[in-house]
Number of protein chains: 2
Amino acid sequence: MTIRLLLADDQALVRGALSALLGLESDLEVVAEVGAGDLVLPAVLEHRPDVALLDVEMPGLDGIAAAAEVRRAAPDTRVLIVTTFGRPGYLRRALHAGAAGFVVKDTPAAQLADAVRRVHAGLRVVDPALATDSLVAGESPLTPRETDVLRAARDGASVAAVAKRLFLSEGTVRNHLSAAIGKTGAANRAEAVITAEGNGWL
Amino acid sequence: MTIRLLLADDQALVRGALSALLGLESDLEVVAEVGAGDLVLPAVLEHRPDVALLDVEMPGLDGIAAAAEVRRAAPDTRVLIVTTFGRPGYLRRALHAGAAGFVVKDTPAAQLADAVRRVHAGLRVVDPALATDSLVAGESPLTPRETDVLRAARDGASVAAVAKRLFLSEGTVRNHLSAAIGKTGAANRAEAVITAEGNGWL
DNA sequence: TCCCGGGCCTGACATTTGTCATGCCCGGGA
DNA sequence: TCCCGGGCATGACAAATGTCAGGCCCGGGA
């Protein structure tokens with residue numbers, strides 16, 4: 001009785017390599033591979049895998065949003081998030097979206113197959129170190145609007161540009177940014193962006 | 001006659017997966033794996049692989065610097081850079097450091113083994129699209145000092161902080177930043193950092 | 001030899017950014 | 001019902017940022 005898998009990662013080489021790695025296990029079988037978040041659900045519906053391994057950073061739709069889709073439309077398929085960045089907010093959002101497991105890409109290769117088996121068996125798989133980080137970091141302190149503004153300012157856009165893009169007054173934008181800077185403990189906009197990103201709040 | 005390989009990538013899972021992928025080929029054999037740039041040279045000297053696959057983003061020493069070390073101390077080992085980011089400056093610097101090939105992580109998995117064989121056969125392997133990008137983007141227009149200052153300002157540090165770290169006057173720092181902003185066609189510091197990073201100039 | 005250009009540095013000046021106090025509107029508890 | 005917190009806005013002030021003109025040093029032609 002083999003476990004049927006779907007792989008989603010935007011880097012073809014990594015996708016293929018993971019496929020090779022998991023294919024070495026006799027009880028695992030990769031039945032589908034996709035390279036973008038919005039292709040996950042169609043592939044799941046077509047192939048009905050037991051477990052879907054999703055990267056977070058993907059074009060189209062991020063892995064967490066894709067996990068939520070899968071959870072809704074194909075609840076029998078369990079989701080294991082496999083990501084580069086162990087950001088506390090990612091873990092929180094992933095679990096909230098119904099993911100059954102969360103693994104960082106610098107865990108030893110030997111553990112991946114085990115994680116897949118555990119998830120398939122109905123267990124939850126979470127990196128313990130990351131779980132405590134997530135508790136310490138807590139939920140995002142930013143209000144939705146502050147998050148929007150900070151996200152819009154991520155690429156170095158000026159206050160005026162952000163204001164125009166979000167149809168806000170410049171003063172309001174400055175206010176939201178100021179609040180975000182305060183809440184993140186940063187000294188300026190750039191630092192605020194960095195810590196917010198690092199915590200997975202954007 | 002098998003080709004002996006060394007793998008260097010900071011993400012253990014990717015390293016293991018690549019190892020599995022390449023291990024499927026009967027003429028390839030992975031003889032060493034390391035997870036940091038400064039471990040590359042010792043491992044090369046110990047195992048004398050035919051080809052070293054190096055990631056660019058690694059702790060300790062970046063893959064390009066490691067390539068230069070290998071080139072100097074073990075010229076028989078050919079270097080193939082395998083990286084996430086196809087930044088023009090990376091390619092240029094990699095070739096300059098004596099790398100024999102440059103592959104981006106979103107090339108199809110099937111092509112990797114071929115790239116390894118070609119490099120081993122003494123050929124140069126370069127993604128053609130990337131090569132033209134590299135030509136278009138040209139060399140970094142930033143002077144060494146401008147590069148230093150921009151790099152120091154990358155994390156959102158203030159002018160005062162950068163000045164102190166680099167033992168410069170604040171005015172000088174502002175000036176270098178202004179020059180970098182002008183040369184990159186950016187509107188401010190943050191944008192300058194983004195385009196410079198995107199081109200591999202930092 | 002003199003001149004020129006580039007890299008590096010500096011201080012003055014205008015603009016942008018961040019902070020603060022304040023006010024208005026709205027929806028959801030107590 | 002009242003109150004509170006979030007979103008939105010304004011205006012004023014201080015601090016940081018970006019621009020500019022200019023000076024110093026060095027190496028490479030004319």
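Below, chain A is the first sequence line, B the second, and so on; all start at residue 1. The basis for the numbers below is simple: all heavy atoms, side chains too, and nothing from hydrogens, waters or symmetry mates.
Donor-acceptor pairing under 3.5 Å is lacking for the side chains of B:T184 and B:E191.
Environment of CZ in B:R118: sparse, with no more than 12 heavy atoms of neighbouring residues, nucleotides or ligands closer than 6.0 Å. Other residues, nucleotides and ligands contribute over 12 non-hydrogen atoms within 6.0 Å of the CZ atom of B:R151. Around atom NE2 of B:H47, more than 12 heavy atoms belonging to other residues, nucleotides or ligands sit under 6.0 Å away.
Taking atom CZ on B:F167 and atom P on C:dT10, their separation rounds to 13 Å, with Å as the unit. In this structure, CG of B:L168 is placed 16 Å from P of C:dG7, rounded to the nearest angstrom. Atom CD in A:E191 sits roughly 13 Å away from atom P in D:dA16 (whole-Å rounding). At whole-Å resolution of the value, CD in A:E170 and C1' in D:dA9 are 12 Å apart.
With sequence neighbours excluded, the residues forming a side chain to side chain contact (heavy atoms under 4.5 Å, CB included) with A:R174 are A:V159, A:E170, listed by chain and number.
Comparing D:dT10, C:dC9, D:dG7 by their nearest atom to the side chain of A:P144 picks out D:dG7. Nearest nucleotide to the B:H176 side chain, out of D:dC8, C:dC9, D:dG6: C:dC9. The B:R145 side chain lies nearest to C:dC8 when the options are D:dC8, C:dC8, C:dT10.
With the nearest nucleotide of DNA chain C identified for both B:E146 and A:R189, B:E146 has the one nearer the 5' end.
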Going 5' to 3' through nucleotides 19-26 of chain D and flagging B where a protein heavy-atom sits under 4.0 Å of the base, S where only the sugar-phosphate is that close, and - otherwise, we get BBB-----
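Counting only Watson-Crick or G-U wobble pairs whose defining distances are both under 3.5 Å, the stems of 3 or more consecutive pairs in DNA chain D are C:1-30 with D:1-30.
Ionic pairing of B:K105 and B:D9 is present here: one or more N-O contacts between side-chain nitrogen and carboxylate oxygen are shorter than 4.0 angstrom. In summary, B:R117 and B:D27 engage in a salt bridge, as defined by a charged side-chain N under 4.0 Å from a carboxylate O. Ionic pairing of B:R154 and B:E197 is present here: one or more N-O contacts between side-chain nitrogen and carboxylate oxygen are shorter than 4.0 angstrom.
For B:S169 and C:dT10, the shortest distance from a side-chain N or O to OP1 or OP2 is below 4.0 Å. At the phosphate of C:dG6, neither OP1 nor OP2 sits under 4.0 Å from any side-chain N or O atom of B:T143.
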Verdict with supporting geometry, B:R15 and B:D55, salt bridge (Lys or Arg N to Asp or Glu O under 4.0 Å)
CA-CA 10 Å; B:R15 215 160 63 225; B:D55 192 2; over 6 Å; no
